[in-house]
Structure formats: C-alpha cells, structure tokens
Visitor: 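Take a look at the following structure, please.
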Amino acid sequence: MGATSAMAEHCARLWVQAAPVDLTLVGRDHGRMERVAADLRVRSPRSRIGKVCADFLNPLAIRATVDGIARQGAVDIVLIAHGSLPEQPACQEDLSACSEALRVNGVSPVLFAEAFAEHMARQGRGTLALIGSVAGDRGRRTNYVYGAAKGLLARYAEGLQHRFAGTAVRVVLVKPGPTDTPMTAHLKAQGVRLAGVEQVARQVVAAIEAGKPLAYVPGRWRWIMVVIRHLPRAVFHRMKI
C-alpha cells in the first residue's frame with residue numbers, strides 16, 4: 001500500500017531482485033505507479049507486477065480494494081507504507097489539515113491492516129507489515145499531530161500482535177527514523193541528518209523476513225528513543241525539538 005512512496009519502491013526493488021514474485025502495487029496516482037512498475041519489470045522480467053488505483057480514505061473503498069486483491073490468491077506479505085509529513089503549524093491553524101493528517105497517517109493504515117488481517121486469519125498465515133515512525137514514541141511540539149497518528153498505529157499493531165499470538169500470522173511494526181525521501185526534502189534542506197532510503201529499505205525487508213514484532217531502523221533509533229521516552233518532563237519541555 002502506498003507503492004509510489006520511496007520506502008515502498010525500494011523495498012519492492014529488493015523483493016523482485018531476490019526472486020521472481022507476484023507483486024501488486026496499490027496507490028492513488030496511476031502514472032507514477034506505472035513508472036514504478038516499469039522499473040520493477042526491467043529489474044525482474046519474470047516477476048508479475050500488477051497495479052491497483054485506490055481510495056485511501058473511504059472505508060468501503062478500502063474494503064473493496066483489499067477484497068479484490070485477496071480474490072487473486074493467498075496474500076503472503078502486505079507492506080502498508082503510505083503516509084504524509086504535515087506541517088505542524090498548518091495542523092494547528094486548520095482543522096481540515098489536522099483531520100487529513102490523522103486520517104492519512106493513522107486511520108487509513110489501520111483500515112487497510114484490519115481488512116487484510118481478516119483474510120490472513122482465514123488463510124491461516126501471512127505477514128502484515130506497517131510503517132510507523134519514531135515520532136509516535138513521544139509527542140513533540142514540532143510534529144505532535146503526525147506523532148499522534150503514528151502512536152495510534154503503534155498501539156493498533158500491538159493489539160493485532162496480541163490477537164494473532166500463537167498463529168502463523170505475523171505482524172511487523174517498523175519505526176524508521178528521519179529518512180532521505182521526497183517527503184522529508186524540507187528537513188534535508190534544513191540540515192537535518194537523514195538515513196539513506198536504500199539502507200532503511202534493506203532493514204525493513206530484513207525485519208519482515210524475520211517476522212520481528214518491532215524494528216527501529218536504523219537500529220540506533222531504538223536506543224535514542226529509550227533516552228527520549230525517559231527524559232523527565234521538565235527537561236523534555238525545554239528541548240527545542
């Protein structure tokens with residue numbers, strides 16, 4: 001899901017280069033998806049690359065999209081990678097922008113995951129991977145609406161893991177730190193240190209292959225967030241982050 005995102009595209013490249021696969025790209029922009037699909041076909045001529053244009057916000061449309069994919073056969077891996085990085089001031093000033101950020105980054109991924117979870121429960125296996133964010137670990141003044149959406153996704157993933165404990169359905173929550181993608185171009189322009197998307201994608205694919213319940217990528221973010229989560233409130237509130 002969100003196949004035209006830089007993260008999803010690089011993960012797809014790794015999958016088709018490893019072995020021929022049947023891959024379905026789901027996105028909103030047909031032209032961009034076709035460019036991604038053409039690149040993947042060149043990299044792996046024996047892979048079958050399908051495309052589905054979808055509504056990412058309407059629950060009924062999400063259900064129809066997922067059911068249509070499931071009718072094609074058992075789904076082995078689902079990567080839910082769509083999202084946006086809103087400007088916090090815009091979310092504070094415009095409730096429509098705030099609502100959009102919460103729906104795109106939190107509610108929409110949950111709805112896709114819940115729809116696929118139903119099919120995986122029926123088939124008795126599968127891996128469901130969700131791209132969260134380190135921003136969901138503690139609310140910060142600079143991105144707390146985005147962080148709240150990713151926090152929702154994290155709690156949802158924990159509950160889904162509890163639901164499928166002891167089964168062959170695996171739920172993987174990936175929390176990347178700031179990554180060099182078009183979505184973070186403004187951060188790069190501000191001099192923020194960003195991880196390379198190729199490096200992050202390799203770690204995402206490895207976490208999915210291992211079925212890790214939780215993966216921080218790059219791995220150093222696990223320890224960075226341990227510190228940030230445990231900073232005293234008074235100290236944290238003085239930080240300009």
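All figures in this text were calculated on a predicted structure; none of them were measured in a lab.
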Visitor: Test question: given the 4.5 Å side-chain rule for I, L, V, M, F, W and Y, name all other residues clustered with Val104, or answer none.
Guide: Leu57
Visitor: Side chains of Val204 and Ile131: closer than 4.5 Å at any heavy-atom pair?
Guide: yes
Visitor: Counting only heavy atoms from other residues, nucleotides and ligands, does the tally under 6.0 Å from CZ of Arg46 exceed 12?
Guide: no
Visitor: Is there a donor-acceptor pair closer than 3.5 Å between any side-chain N or O of Glu87 and the backbone N or O of Pro89?
Guide: no
Visitor: Run the side chain to side chain contact (heavy atoms under 4.5 Å, CB included) check on Leu25 and Thr4 step by step: do they pass?
Guide: CA-CA 8 Å; Leu25 309 178; Thr4 59; over 6 Å; no
Visitor: Could you walk me through whether Ile77 and Ile208 pass the side chain to side chain contact (heavy atoms under 4.5 Å, CB included) test, one step at a time?
Guide: CA-CA 8 Å; Ile77 296 172; Ile208 292 171; 4.0 Å; yes
Visitor: When rounded to the nearest 0.5 angstrom, what distance separates CD in Gln123 from CE in Met120?
Guide: 6.0 Å
Visitor: Which pair of heavy atoms, one from Val26 and one from Ala54, lies closest together, and at what distance?
Guide: CG1-CB, 3.8 Å
Visitor: Can you list every pair that meets side chain to side chain donor-acceptor pair (under 3.5 Å) and has a residue in residues 147-161, with sequence neighbours left out?
Guide: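 Found Glu114-Tyr156, Arg155-Glu158.
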Visitor: Mind checking what makes side-chain hydrogen bond (donor to acceptor under 3.5 Å, both in side chains) contact with Arg63, not counting sequence neighbours?
Guide: Glu118
Visitor: Please name the pair of heavy atoms, one in Met239 and one in Leu231, separated by the smallest distance, quoted to 0.1 Å.
Guide: SD-CD1, 3.4 Å
Visitor: Minimum heavy-atom separation for Ala157 to Leu130, with atom names?
Guide: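 Taking every non-hydrogen atom into account, CB-CD1, 4.4 Å.
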Visitor: To check you understand the geometry: which heavy-atom pair defines the closest contact between Gly124 and Val169, and what is its length?
Guide: C-CG2, 4.2 Å
Visitor: On a heavy-atom basis, which atom in Ile62 and which in Asp55 lie closest, and how many Å separate them?
Guide: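 Of all heavy-atom pairs spanning Ile62 and Asp55, the closest is CG1-O, 3.6 Å.
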Visitor: What residues, two or more places apart in sequence or in another chain, satisfy side chain to side chain contact (heavy atoms under 4.5 Å, CB included) together with Val16?
Guide: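 If we apply the side chain to side chain contact (heavy atoms under 4.5 Å, CB included) test to Val16, skipping adjacent residues, the hits are Val21, Leu23, Leu40, Arg43, Ser44, Ser47, Ile49.
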Visitor: Which heavy atom of Ile69 sits nearest to which heavy atom of Met1, and what is that distance?
Guide: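 Here Ile69 and Met1 meet closest at CD1-CE, 4.3 Å.
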Visitor: Is there side-chain contact between Pro232 and Phe236, with at least one heavy-atom pair below 4.5 Å?
Guide: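 No; the side chains remain at least 4.5 Å from each other.
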Visitor: With sequence neighbours left out, which residue pairs that include part of residues 16-33 fulfil the side chain to side chain donor-acceptor pair (under 3.5 Å) condition?
Guide: Asp22-Arg48
Visitor: Under a 3.5 Å distance rule, please check whether Ser99 uses its side chain to pair with a backbone N or O of Leu95 as donor and acceptor.
Guide: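 No, because the side chain of Ser99 does not come within donor-acceptor range (under 3.5 Å) of the backbone of Leu95.
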Visitor: Has His237 got more than 12 heavy atoms of other residues, nucleotides or ligands less than 6.0 Å from its NE2?
Guide: yes
Visitor: Would you check if Ile224 and Arg220 make a side-chain contact, meaning some heavy-atom pair closer than 4.5 Å?
Guide: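 Heavy-atom side-chain distance check passes, below 4.5 Å.
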Visitor: Walk me through it: do Asp67 and His119 pass the test side chain to side chain contact (heavy atoms under 4.5 Å, CB included)?
Guide: CA-CA 8 Å; Asp67 289 351; His119 289 285; 2.7 Å; yes
Visitor: Under the side-chain hydrogen bond (donor to acceptor under 3.5 Å, both in side chains) test, which residues partner Arg41, sequence neighbours left out?
Guide: Glu34
Visitor: Tell me, please, which residues at least two apart from Arg35 pass side-chain hydrogen bond (donor to acceptor under 3.5 Å, both in side chains).
Guide: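 Arg35 satisfies side-chain hydrogen bond (donor to acceptor under 3.5 Å, both in side chains) with no residue once adjacent residues are dropped.
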Visitor: Check the hydrophobic clustering (I, L, V, M, F, W, Y; side-chain heavy atoms under 4.5 Å; chains of links allowed) and say if Trp15 and Val36 are grouped together.
Guide: no
Visitor: Go through the steps to decide whether Gln92 and Tyr144 satisfy the test side chain to side chain contact (heavy atoms under 4.5 Å, CB included), and finish with yes or no.
Guide: CA-CA 10 Å; Gln92 293 168 202; Tyr144 61 81; 3.4 Å; yes
Visitor: Let me see the working for Arg202 and Glu198 under salt bridge (charged side-chain N to carboxylate O under 4.0 Å, His left out), right down to the final yes or no.
Guide: CA-CA 6 Å; Arg202 284 195 297 271; Glu198 297 88 353; over 6 Å; no
Visitor: So does Lys212 have more than 12 non-hydrogen atoms from other groups sitting under 6.0 Å from NZ?
Guide: no
Visitor: Is Ser5 reaching over with its side chain to a backbone N or O of Ala8, donor-acceptor style, under 3.5 angstrom?
Guide: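 Yes, the answer is positive, given that a donor and an acceptor are paired below the 3.5 Å cut-off.
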Visitor: Whether the side chain of Asn143 engages the backbone of Tyr146 through a donor-acceptor N/O pair (distance < 3.5 Å, no angle test) should be reported.
Guide: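 Checking the backbone N and O of Tyr146 against the side chain of Asn143, no donor-acceptor pair under 3.5 Å is found.
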Visitor: List the residues meeting side chain to side chain contact (heavy atoms under 4.5 Å, CB included) with Ala121, not counting sequence neighbours, and say none if there are none.
Guide: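 Here the qualifying residues are Arg163, Phe164.
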Visitor: Can you check whether Ala215's main-chain N or O pairs, donor with acceptor, with Arg222's side chain at less than 3.5 Å?
Guide: no
Visitor: About how many Å separate OG1 of Thr127 and CG of Asp76, when rounded to the nearest 0.5 Å?
Guide: 8.0 Å
Visitor: Can you list the residues that meet the ring pair (Phe, Tyr, Trp, His ring centres under 6.0 Å) rule with Phe112, with sequence neighbours excluded?
Guide: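 Phe56, His82.
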Visitor: Report yes or no: does Ser133 contribute a side-chain atom to a donor-acceptor pair with the main-chain N or O of Ala135 at less than 3.5 Å?
Guide: yes
Visitor: Please list, chain by chain and in numerical order, all residues satisfying side chain to side chain contact (heavy atoms under 4.5 Å, CB included) with Val145, sequence neighbours excluded.
Guide: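 Listed in chain order: Gln88, Cys91, Cys98, Ala101, Leu102.
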Visitor: Restricting to side-chain hydrogen bond (donor to acceptor under 3.5 Å, both in side chains), what partner residues turn up for Thr167, sequence neighbours left out?
Guide: none
Visitor: Under the ring pair (Phe, Tyr, Trp, His ring centres under 6.0 Å) rule, what pairs show up with a residue in residues 198-228, not counting sequence neighbours?
Guide: none
Visitor: Does Asn105 reach the side chain of Ser84, with side-chain heavy atoms less than 4.5 Å apart?
Guide: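 Yes, side chains in contact.
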Visitor: As an exercise, state the distance from OG1 of Thr65 to CG of Leu111, rounded to the nearest 0.5 Å.
Guide: 11.5 Å
